[in-house]
Amino acid sequence: QVQLVESGGGLVQLGDSLRLSCAASGRTLSSSAMGWFRQAPGKEREFVAAISKSGVFTYHADSVKGRFTCSRTNAKNTIYLQMNTLEPEDTAVYYCAARTTVRSETYYTSAVEYDYWGQGTQVTVSS
């Protein structure tokens with residue numbers, strides 16, 4: 001049983017920064033690979049970033065590479081998405097996800113590879 005809660009979203013202007021957090025409860029995430037996805041109105045859910053269970057490997061989608069950074073705490077119970085130089089195209093509901101059965105330091109980029117999801121947090125970027 002894993003519960004994930006995202007926070008940190010909001011309304012910002014083009015070029016601003018936000019830091020999203022995803023906190024876990026009910027079970028430690030030390031054995032879980034984690035990911036961030038987003039879904040804009042009328043769009044399919046898309047991959048944003050992924051991080052391996054120990055945080056030593058990360059991968060970011062081309063659309064956010066160089067602007068967004070995914071990380072996790074030393075305790076591995078919270079993951080973050082630092083979003084810089086935000087663009088209107090980044091407007092979406094952002095979801096964190098966990099995969100509890102993983103290979104060592106493997107990360108995953110497909111939504112179907114995750115088995116727990118948060119409720120999402122809205123990020124709106126105005127121009």
Side-chain angles (χ1 to χ4, degrees):
Q1 184 70 36
V2 176
Q3 300 290 331
L4 304 175
V5 179
E6 303 95 336
S7 62
L11 174 63
V12 298
Q13 294 183 330
L14 185 153
D16 282 352
S17 297
L18 280 175
R19 184 177 176 86
L20 304 184
S21 299
C22 176
S25 63
R27 183 174 297 181
T28 178
L29 295 180
S30 61
S31 297
S32 300
M34 304 291 293
W36 287 99
F37 293 79
R38 67 186 182 186
Q39 188 164 22
K43 301 283 189 177
E44 295 182 347
R45 185 168 298 189
E46 67 173 339
F47 168 77
V48 176
I51 189 166
S52 62
K53 66 178 183 179
S54 295
V56 298
F57 296 115
T58 60
Y59 184 78
H60 299 79
D62 288 343
S63 59
V64 305
K65 194 173 299 181
R67 299 187 298 118
F68 292 9
T69 303
C70 182
S71 62
R72 64 197 301 167
T73 65
N74 292 336
K76 308 297 189 294
N77 61 344
T78 305
I79 66 167
Y80 306 93
L81 186 67
Q82 179 65 48
M83 306 186 295
N84 298 326
T85 319
L86 283 161
E87 304 169 349
E89 292 74 19
D90 297 317
T91 296
V93 177
Y94 284 71
Y95 301 89
C96 70
R99 177 185 169 111
T100 56
T101 303
V102 299
R103 297 179 180 179
S104 180
E105 301 309 315
T106 301
Y107 53 83
Y108 304 89
T109 60
S110 176
V112 300
E113 296 177 303
Y114 292 88
D115 47 14
Y116 293 95
W117 294 84
Q119 294 297 309
T121 185
Q122 177 71 47
V123 172
T124 302
V125 185
S126 63
S127 60

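In this chain, numbering begins with 1 at the start of the sequence shown. A quick note: this is a predicted structure, and the numbers were derived from the prediction, not measured.
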### Message
Taking Leu4 as the starting point, is it possible to reach Phe47 by hopping between hydrophobic residues whose side chains are less than 4.5 Å apart?
### Response
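No, no single cluster joins them.
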### Message
Please tell me whether Tyr116 and Val93 are part of a single hydrophobic cluster in this structure, the criterion being side-chain heavy atoms less than 4.5 Å apart.
### Response
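Per the 4.5 Å side-chain linkage, Tyr116 and Val93 are not co-clustered.
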Name every donor-acceptor pair, under 3.5 Å, that has one atom in a side chain of residues 120-127 and the other anywhere in the protein, sequence neighbours excluded.
unit_1, atom_1, unit_2, atom_2, d
Thr121, OG1, Gly9, N, 3.3
Gln122, NE2, Ala92, O, 3.4
Gln122, NE2, Thr124, OG1, 3.3
Ser126, OG, Val12, O, 3.3

Tell me the closest heavy-atom pair linking [X] and [Y], and the distance in Å.
X: Ala98; Y: Asp115; result: O-OD1, 2.7 Å
X: Ala111; Y: Trp117; result: O-CZ2, 3.4 Å
X: Arg38; Y: Glu46; result: NE-OE2, 2.7 Å
X: Ser31; Y: Lys53; result: C-CB, 4.0 Å
X: Phe37; Y: Ser110; result: CZ-C, 3.8 Å

In Å, rounded to the nearest 0.5 Å, how long is the span from [atom1] of [X] to [atom2] of [Y]?
X: Leu86; Y: Phe68; atom1: CG; atom2: CZ; result: 5.0 Å
X: Leu81; Y: Arg72; atom1: CG; atom2: CZ; result: 13.5 Å
X: Phe57; Y: Cys70; atom1: CZ; atom2: SG; result: 14.5 Å
X: Tyr94; Y: Glu6; atom1: OH; atom2: CD; result: 12.5 Å
X: Ile79; Y: Ser32; atom1: CD1; atom2: OG; result: 10.0 Å
X: Met34; Y: Thr78; atom1: CE; atom2: OG1; result: 9.0 Å

### Query
Passes side-chain contact (heavy atoms from CB on, under 4.5 Å), Ser63 versus Glu87? Steps please.
CA-CA 11 Å; Ser63 59; Glu87 304 169 349; over 6 Å; no
[X] side-chain N/O to [Y] backbone N/O, donor-acceptor pair under 3.5 Å:
X: Trp36; Y: Tyr80; answer: yes
X: Gln119; Y: Val5; answer: no
X: Arg99; Y: Glu113; answer: yes
X: Tyr108; Y: Val102; answer: no

### Query
Hey, does Thr58 have a side-chain heavy atom less than 4.5 Å from the side chain of Ser71?
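Ser71 does not reach Thr58 side chain to side chain.
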### Task
Would you check, one step at a time, whether the test side-chain hydrogen bond (donor to acceptor under 3.5 Å, both in side chains) holds for Ser52 with Glu105?
CA-CA 5 Å; Ser52 62; Glu105 301 309 315; 2.6 Å; yes
### Task
Kindly determine whether Met83 and Val48 satisfy side-chain contact (heavy atoms from CB on, under 4.5 Å), including the steps that lead there.
CA-CA 11 Å; Met83 306 186 295; Val48 176; over 6 Å; no
